[in-house]
Structures are given as C-alpha cells and as structure tokens.
2 protein chains.
Amino acid sequence: MTDTSTSPRRASRPPRARRRDAAENRLAILDAAISELNHNPDASLETIASAAGLSRRSIYGHFSTRDELIAELNDRGIARVTAALAPIQHADARVALALVGARLWSEVEDVRVTAQLAIRGPRREIVAEGLEPVRRGLLAIVRQGVAAGQLRTDIEPRTLARLIEGAAVSVLDEAVRDDISYEEGHRLVMLVALSTAGLSWREAAELIDASPELALEAQPEASTSLSAHSSGAQA
Amino acid sequence: MTDTSTSPRRASRPPRARRRDAAENRLAILDAAISELNHNPDASLETIASAAGLSRRSIYGHFSTRDELIAELNDRGIARVTAALAPIQHADARVALALVGARLWSEVEDVRVTAQLAIRGPRREIVAEGLEPVRRGLLAIVRQGVAAGQLRTDIEPRTLARLIEGAAVSVLDEAVRDDISYEEGHRLVMLVALSTAGLSWREAAELIDASPELALEAQPEASTSLSAHSSGAQA
DNA sequence: AATAACTTGCACACTCGTGTGCAAGTTATT
DNA sequence: AATAACTTGCACACGAGTGTGCAAGTTATT
C-alpha cells in the first residue's frame with residue numbers, strides 16, 4: 001500500500017514529495033474509470049486499470065477501495081457540474097435555461113457518469129444530495145421564467161425542473177451514443193431544454209440565434225486532465 | 001428441476017397437467033423481477049425470489065437460468081410495448097405522437113425495465129433489435145408530422161424520434177419516482193412528447209384537450225398478470 | 001549514484017451470486 | 001386417499017471480483 005495523502009509527515013527528515021508520474025497515473029485511473037463506467041457501470045477494477053495502462057494492483061496504491069474511487073468520481077463530477085452551472089444568471093430565464101444546456105454539454109462525460117451514479121451504485125442518496133444545489137439553481141431559473149410568463153405554467157415548477165434535467169441528460173446520452181459533433185450537441189441540448197420548458201421549436205431557435213451568450217465559444221476551460229474530451233485510455 | 005414446458009409428453013400415461021399454483025408462482029416471479037429490477041438492475045435471484053414470496057431454489061423450477069428469466073422479461077416487455085404502440089395511426093401526426101405517450105404510460109413498469117435492459121445487461125443488442133419495429137413506427141409518425149409541417153424540422157427525424165423516446169422514458173422514470181397519479185402521468189408524457197417534437201406548451205395542451213382520442217379512458221386492457229399496476233410482492 | 005517512491009506479479013482469503021443434486025416436506029388434483 | 005407436481009432447505013462446486021501481503025523490479029528525484 002502506498003501513501004498518497006497530501007499531508008506532510010510528522011517529524012524528522014522531509015520525506016521527498018509525491019512523484020509526478022504517480023499523480024498522472026492517478027488521473028489516468030480517474031479518466032479511465034469515467035470512460036469505462038460509461039460503457040458499463042459495473043466495470044471491474046481490472047478493466048479500469050488496464051484501460052488506464054496500469055495493473056489492478058496499482059490502483060490500490062491510489063485508492064484503498066473501489067468505493068473510494070467511485071466516491072472521488074462523484075465528488076469531481078458534482079464539483080464540475082456545480083462549477084459549470086452555478087454562475088449562470090440571466091435576466092431572461094429562457095437564455096439561462098439554454099445556458100444550462102450548453103454548459104452541461106461541455107461536461108458531457110462527467111455529467112453522464114454523475115447521472116448514472118446518481119441513479120445506481122450504493123451512493124444514490126449521497127450523489128443526489130451533492131447535486132441538490134444544482135437542482136435548486138435550475139428550479140430557481142424555472143420559477144423565474146414562469147413568473148415572467150416565459151415558460152410553461154401547465155407543469156408544476158418542481159416537476160418541470162426535473163423533466164428538463166432528465167431530458168437534457170437523455171439527450172447527452174443519445175448524443176454520445178450517436179457520436180454527434182460538439183457543435184451539434186451544443187445546440188441540441190439547448191433546443192431540447194427549451195422545448196421541454198414549453199417553447200415552440202421556432203421560438204427556441206430564434207432565441208438561441210438572437211442571444212450571443214449562447215453562441216459556441218469561450219466555454220470556461222477545464223483545468224483538470226479529467227476533461228470531457230480526453231480518451232481515457234493509453235497503451 | 002421441474003419441467004415447465006407446455007408441450008405434452010411422448011407416450012404412455014397422461015402426466016397430469018401443470019398445477020395452477022405453479023403457474024401463478026411463475027407470474028409472481030416475473031412480477032417481482034420487474035419491480036426489483038426497477039430498483040436495482042442487478043438484483044439477485046435471492047432478492048427477486050423473496051419479493052415473490054418464494055425461495056431462490058424454486059425459481060430454478062421455472063427458469064433454468066437467470067438469463068432465461070431476463071429473456072422472458074424482455075420478450076414480454078417488447079411484446080407489450082409493441083402491442084400497445086403498433087396499432088397507432090392517425091391523420092394528425094401530433095395526435096399520433098401524443099397517443100404514443102399515452103400508451104407508453106399505461107405500460108410504465110414494463111417500459112422501464114425494457115428500457116433499462118435495452119441499455120444494460122448482456123442483452124443490449126437483442127433487446128434493441130426487438131424494439132426496432134416500435135422505433136420504426138415512431139420514426140414514421142415523426143416523418144409524417146414533419147412532412148405535414150406539424151413538427152419541428154430543425155432536428156433530423158431519426159434523431160428527433162430518439163429524443164422523443166428518451167424524453168418519454170425519462171418522464172416515466174421521474175413520474176414513477178415521484179409517485180405521480182395515473183391521470184397526471186397520462187397527460188405529462190403526452191405533453192413532453194409533444195414539446196420535444198416542437199410544439200409550444202399551449203399548442204400541446206390545446207391539441208390534447210381538443211382530441212377525444214387522447215382522453216383518459218378505455219386504454220386497451222392488459223391480459224396478463226404482468227400488469228403495470230400490480231404490486232409484485234406478496235407475503 | 002543513492003534513495004525513496006512507485007509499479008508489478010503472484011499468492012491468498014473472502015464475499016457474493018449462480019447453478020445443481022437430493023431428500024423431505026406440502027399441496028393441488030384425480 | 002393416492003399420486004404426481006411443486007416447494008424448500010441444505011450442501012456443494014464454481015466463477016468473478018475485491019482487498020491484502022510481500023518480494024522484486026523501475027524510475028523520478030535529490
């Protein structure tokens with residue numbers, strides 16, 4: 001077992017810092033885990049390890065338990081989604097909604113695992129709890145839109161928010177499965193989010209085209225190697 | 001091992017027919033499997049058995065393999081969904097689409113397992129293949145609607161059909177999770193299917209209210225005990 | 001070049017689920 | 001009441017995955 005904790009040792013000699021390749025391997029594992037778990041939510045550590053180009057045994061040098069790996073995936077996913085969606089604010093709730101879609105799309109991979117984990121795994125409740133802030137944000141946007149008469153009023157906001165969330169995720173799923181281009185996906189999620197929210201498709205399209213905020217560019221760049229576009233496998 | 005096959009024995013004495021309680025138990029198992037697999041797609045036979053009020057060992061009297069049970073679930077699910085959706089035809093594609101939603105809703109439980117199985121399990125391809133006719137039907141409706149200028153044209157029909165399917169299923173998921181009433185669910189799936197198809201929420205509502213075919217009544221009654229509303233557990 | 005950090009392969013114990021055999025019960029049916 | 005159909009509990013073999021110990025290798029870092 002290898003100690004990977006960041007806290008410095010007690011006394012005596014300084015213990016020579018963590019090696020760089022080790023850190024990279026750790027990220028490779030996380031990447032591999034994401035992409036393997038997307039294929040099969042029950043992927044074994046063996047599978048994940050070899051997708052990361054390591055041996056199963058080595059994983060235990062970074063995570064003491066399968067569950068710990070999964071937990072870290074949760075945390076990263078939630079953090080990412082939260083970071084991507086939290087700052088969204090706009091006078092026009094419809095634009096805000098479309099933005100939610102767009103930002104989700106830029107995190108597809110993470111969103112999908114996170115969504116999966118939120119449903120399955122023994123972590124259901126925990127993950128769901130972690131996503132609460134995001135949900136409340138979405139709900140706020142929906143309420144704002146309903147109040148402004150911009151969104152449908154025939155479905156209770158709470159339900160509507162969840163439907164939008166579900167629709168968006170299922171678009172991500174479908175999009176990834178059909179290997180849709182980044183540009184198309186970007187537009188698609190926004191369209192479907194707006195449609196679910198009650199706009200007609202023409203209204204949705206008009207809105208998207210009229211709002212520069214919704215154009216495809218300068219999406220907040222990700223800092224981790226846990227990027228949405230990385231291959232996740234090496235050697 | 002108990003023989004459950006329907007074919008009569010070869011020669012000599014007639015072997016006294018299958019007992020009635022056995023047949024009931026078989027259905028109880030299927031019911032339990034559906035509801036347990038909804039909670040957890042990897043539910044063990046032990047879990048399913050006890051949900052059905054039987055012992056794990058007894059399951060093997062009806063299905064020689066876990067996979068055989070699952071396969072039967074597939075077949076029933078596909079048959080049901082197909083039966084419910086196949087006869088749908090309407091001059092107005094929007095009505096047809098709403099009907100698809102309504103019929104799906106009347107089969108929620110089955111639709112959900114079937115959808116789950118279509119994604120996971122080693123049966124992915126098989127299940128997907130079985131659902132092909134249903135998918136083609138939906139695609140036909142979408143094409144019809146697009147041709148008639150009733151549905152959105154900004155998304156390719158093939159993609160749109162899948163999005164509608166996904167949206168509908170995710171509504172079913174959400175609806176079941178929130179324990180929505182039968183009436184609400186009925187309307188909800190139709191609304192979301194239409195919204196995804198491009199209608200504004202007002203148009204969708206108008207259409208639904210104006211079309212007697214879409215009213216909640218005389219849904220084709222199910223013949224099996226594998227009904228969408230049975231509890232699935234006993235004792 | 002020396003050292004500690006890391007990886008690896010192998011062996012092992014353990015858990016959990018599947019599938020089977022069999023003997024002893026229940027219970028529907030005739 | 002007799003009989004075959006069915007259920008049950010226990011035992012077992014088996015496979016797959018997890019988590020661990022350890023000794024022997026690599027390799028980044030100083």
Side-chain angles (χ1 to χ4, degrees), chain A residues 1-10 12-29 32-33 36-37 40-71 120-122 234-235, chain B residues 1-10 12-29 32-33 36-37 39-71 120-123 234-235:
Chain A
M1 257 188 303
T2 311
D3 186 16
T4 317
S5 68
T6 27
S7 60
R9 286 321 183 295
R10 295 262 163 261
S12 58
R13 273 142 294 177
R16 187 182 287 188
R18 212 216 223 139
R19 265 163 61 169
R20 200 177 290 151
D21 56 342
E24 283 165 12
N25 284 338
R26 187 192 166 85
L27 292 181
I29 294 173
E36 287 310 314
L37 291 175
N40 168 18
D42 299 317
S44 71
L45 290 188
E46 177 64 43
T47 308
I48 294 175
S50 70
L54 298 178
S55 70
R56 181 179 76 96
R57 192 59 184 79
S58 298
I59 290 192
Y60 290 98
H62 297 278
F63 307 92
S64 60
T65 278
R66 180 201 167 85
D67 241 47
E68 197 175 301
L69 208 196
I70 305 288
R120 353 189 82 267
Q234 58 199 43
Chain B
M1 258 190 305
T2 312
D3 186 16
T4 317
S5 67
T6 28
S7 59
R9 290 314 187 299
R10 295 262 162 263
S12 57
R13 272 142 294 176
R16 187 182 290 187
R18 215 218 224 136
R19 266 165 57 169
R20 201 176 290 151
D21 56 342
E24 283 165 12
N25 284 339
R26 186 191 165 86
L27 292 181
I29 294 173
E36 288 309 315
L37 291 175
H39 289 311
N40 168 18
D42 298 318
S44 71
L45 290 188
E46 177 64 43
T47 309
I48 294 175
S50 71
L54 298 177
S55 69
R56 181 178 76 98
R57 191 59 185 80
S58 298
I59 289 193
Y60 290 98
H62 298 279
F63 307 92
S64 59
T65 277
R66 181 202 166 83
D67 240 47
E68 195 176 302
L69 208 196
I70 305 288
R120 348 186 86 268
R123 308 210 150 262
Q234 58 199 43

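Letters go in sequence order (proteins before strands), and every chain restarts at 1. Predicted model, so just to flag it, every value in this text is computed and none were measured.
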Roughly how far, to the nearest 0.5 Å, is the [atom2] atom of [Y] from the [atom1] atom of [X]?
X       : Y       : atom1 : atom2 : answer
B:Asp42 : A:Asp42 : CG    : CG    : 4.5 Å
A:Ile70 : A:Thr65 : CD1   : OG1   : 11.0 Å
A:Glu24 : A:Leu27 : CD    : CG    : 8.0 Å
B:Leu45 : B:Leu54 : CG    : CG    : 12.0 Å

Look at [X] and [N] and indicate whether a side-chain polar atom (N or O) is within less than 4.0 Å of OP1 or OP2.
X       : N      : value
A:Thr65 : D:dG19 : yes
B:Ser58 : D:dT7  : no
A:His62 : C:dT7  : yes

For the student: nearest non-hydrogen atoms of [X] and [Y], plus distance:
X       : Y       : answer
B:Ala28 : B:Ala52 : O-CB, 3.7 Å
A:Arg66 : A:Pro41 : NH2-O, 3.9 Å
B:Ala32 : B:Ile48 : CB-O, 3.6 Å
B:His62 : B:Arg26 : O-NH1, 3.4 Å
B:Ala33 : B:Leu69 : CB-CD2, 4.1 Å

Quickly work out the [X] [atom1] to [N] [atom2] distance and round it to whole Å.
X       : N      : atom1 : atom2 : value
B:Asn40 : C:dG17 : CG    : C1'   : 13 Å
A:Phe63 : D:dT20 : CZ    : C1'   : 18 Å
A:Glu36 : D:dG17 : CD    : P     : 13 Å
A:Ile48 : D:dG17 : CD1   : C1'   : 12 Å
A:Ile59 : D:dT18 : CD1   : P     : 9 Å
A:Tyr60 : C:dC10 : OH    : P     : 17 Å
B:Leu69 : C:dT18 : CG    : C1'   : 13 Å

Where protein sits on nucleotides 25-30 of chain D, one letter per nucleotide: B base, S sugar-phosphate only, - none, heavy atoms under 4.0 Å: --BBBS
Of B:Leu45 and A:Ala22, the one whose closest DNA chain C nucleotide lies more 5':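 Checking each residue's closest nucleotide, the 5'-ward one belongs to A:Ala22.
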Would you mind telling me which residue lines up with the more 5' stretch of DNA chain C, B:Arg66 or A:Leu54, judged by nearest nucleotide?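 Its nearest nucleotide lies further toward 5', so the answer is A:Leu54.
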What would the secondary structure line of DNA chain D be in dot-bracket form, counting Watson-Crick and G-U wobble pairs under 3.5 Å, with [ ] for pairs that cross earlier ones and | for pairs with another strand? ||||||||||||||||||||||||||||||
Using the side-chain heavy atoms of A:Asn25, tell me which of these nucleotides is nearest: D:dG9, C:dC6, D:dT18.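 That would be C:dC6.
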Among the candidates C:dT20, D:dT8, C:dC10, find the nucleotide nearest to the side-chain atoms of A:Arg57.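 The nucleotide sitting nearest to the side chain is C:dC10.
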side-chain contact (heavy atoms from CB on, under 4.5 Å) evaluation trace for A:Phe63 with A:Ile29: CA-CA 10 Å; A:Phe63 307 92; A:Ile29 294 173; 3.9 Å; yes
What about A:Arg56, does its side chain sit under 3.5 Å from the base of C:dG9 through a donor-acceptor pair?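 Donor-acceptor pair under 3.5 Å: no.
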